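Okay, so here's the structure we're looking at.
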There are 2 protein chains.
Amino acid sequence: MATSAPELSARAREIVQTARELLESEGPEALSMRRIAAALGIKAPSLYKHLADKQALEAALTSDAFDEISRVFADANDLAAIAAAYRGYATAHPHLYRLMTAGPLDRERLEPGVEDRAGAAIVAAVGGDEQRARAAWAFAHGMTILELDGRFPPGADLDAAWAAGIAAFDSG
Amino acid sequence: MATSAPELSARAREIVQTARELLESEGPEALSMRRIAAALGIKAPSLYKHLADKQALEAALTSDAFDEISRVFADANDLAAIAAAYRGYATAHPHLYRLMTAGPLDRERLEPGVEDRAGAAIVAAVGGDEQRARAAWAFAHGMTILELDGRFPPGADLDAAWAAGIAAFDSG
DNA sequence: GTCTATACCCGGATAGAC
DNA sequence: GTCTATCCGGGTATAGAC
């Protein structure tokens, strides 16, 4: 059976918090054990007394982000509202959003349930249909990551593109 | 005015081809100048006689991929067909697809027109509406990258999720 | 709990000889 | 057009002293 992430000590949580501030303010290259340690005024090897390895740190950051997204979803009842919440969270925390969505998800190291809670809010917002929920999530993630990466043509009206997609899922 | 990518010499094209084979068969970690050179039986510094830097190599790979996608789109007239072509190309070339879609696009180093040609096919497939085209592209990219990264729940019926999204964009 | 020292890996890129 | 030698940077992680 898969064991999940161990509880973090108070000191470990400080490290995670510092790592997050670095990530959000300076981007993913800043998320190195040396840089995090330096920001705390210690040396990199000391971190390993508190966290098993870097993956544990990333899992903690990702679990936190899932939690926060679920909270942001709480007030949203329809697709337009949840899309706005999704886009708003990602735009406010672009580097964190990329960290939590890029590449495989190390589910065994996440806090149990965080992924499902975020997903359940999307399913509810589209009226309970899982297939439509997955498609709508893909739309939202696609819009978000293409927007964050500057992939749309310069000058594209992204509000209008979001609205077009939301209209499609609302009526389809 | 922005100058675009210089023509590649025949030897440079050989290097790009070798790089592509490495990328597709072994993944992005294999796309290093040392590994590419080794695969060609030469040393890494020699590559710089043929290509300015690694970005030039990546731009060539990306331009080729855009070209190929445009070609795959050529036979597709409606949204379902173009979505199937998109998904099929990405699934057949996952590492290349990630390379061409992840992060910012270095437009000045691409072959001129390759991005627009691929985009135009999507616009045509949704009937000419740019906003719907962007939303549909976001849906397709989102589905694709989440699928490639194993982000959907294990056992999720992705054919059904694709169909749900296509239906939404067809009717909405 | 922190330190120093270190081991090990990797990467892109340049200078100058041949 | 290729080579050797080298420079620069980076990273995760461990051992063992304090």
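Naming: A, B, ... by sequence-line order, numbering from 1 per chain. It should be emphasised that the depicted structure is a prediction, and the values quoted were computed from it without experimental measurement.
- Of all the residues in residues 46-61 of chain B, B:S46, B:K49, B:H50 reach under 4.0 Å from DNA chain D with at least one non-hydrogen atom.
- The shortest distance between the side-chain N/O atoms of A:R11 and the OP1/OP2 oxygens of C:dT2 is below 4.0 Å.
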Salt bridge (Lys or Arg N to Asp or Glu O under 4.0 Å) between B:E29 and B:R35, intermediate numbers included: CA-CA 9 Å; B:E29 327 79 42; B:R35 299 273 268 104; over 6 Å; no
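- Distance, A:I42 CD1 to C:dC3 P: 6 Å, rounded to whole Å.
- Whole-Å rounding puts the A:K43 NZ to D:dA13 P distance at 19 Å.
- The pair B:R13-B:D64 meets the salt-bridge criterion, since a charged nitrogen lies less than 4.0 angstrom from a carboxylate oxygen.
- When rounded to the nearest whole Å, the span between CG of B:L40 and P of D:dC3 equals 10 Å.
- The six-membered or imidazole ring of B:F169 lies near that of A:F169, with a centre-to-centre distance under 6.0 Å.
- Nearer the 5' end of DNA chain D, as judged by each residue's closest nucleotide, is the contact made by B:G41, out of A:S32 and B:G41.
- Looking at B:E14 and B:R11, a side-chain N of the basic residue comes within less than 4.0 Å of a carboxylate O on the acidic one, giving a salt bridge.
- One can place CD of A:E29 at 13 Å from C1' of D:dG11, the figure rounded to the nearest angstrom.
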Review item, nucleotides 5-9 of chain C N/O atoms under 3.5 Å of protein N/O:
none

Criterion salt bridge (Lys or Arg N to Asp or Glu O under 4.0 Å) on A:R98 and A:E24, from CA distance to verdict: CA-CA 11 Å; A:R98 282 202 194 84; A:E24 298 216 39; over 6 Å; no
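- A salt bridge links A:E130 with A:R134: at least one charged nitrogen is closer than 4.0 Å to a carboxylate oxygen.
- Aromatic ring centres of A:Y86 and A:Y97 lie closer together than 6.0 Å.
- In this structure, the side chains of B:F66 and B:E111 stay at 4.5 Å or more apart for every pair of heavy atoms.
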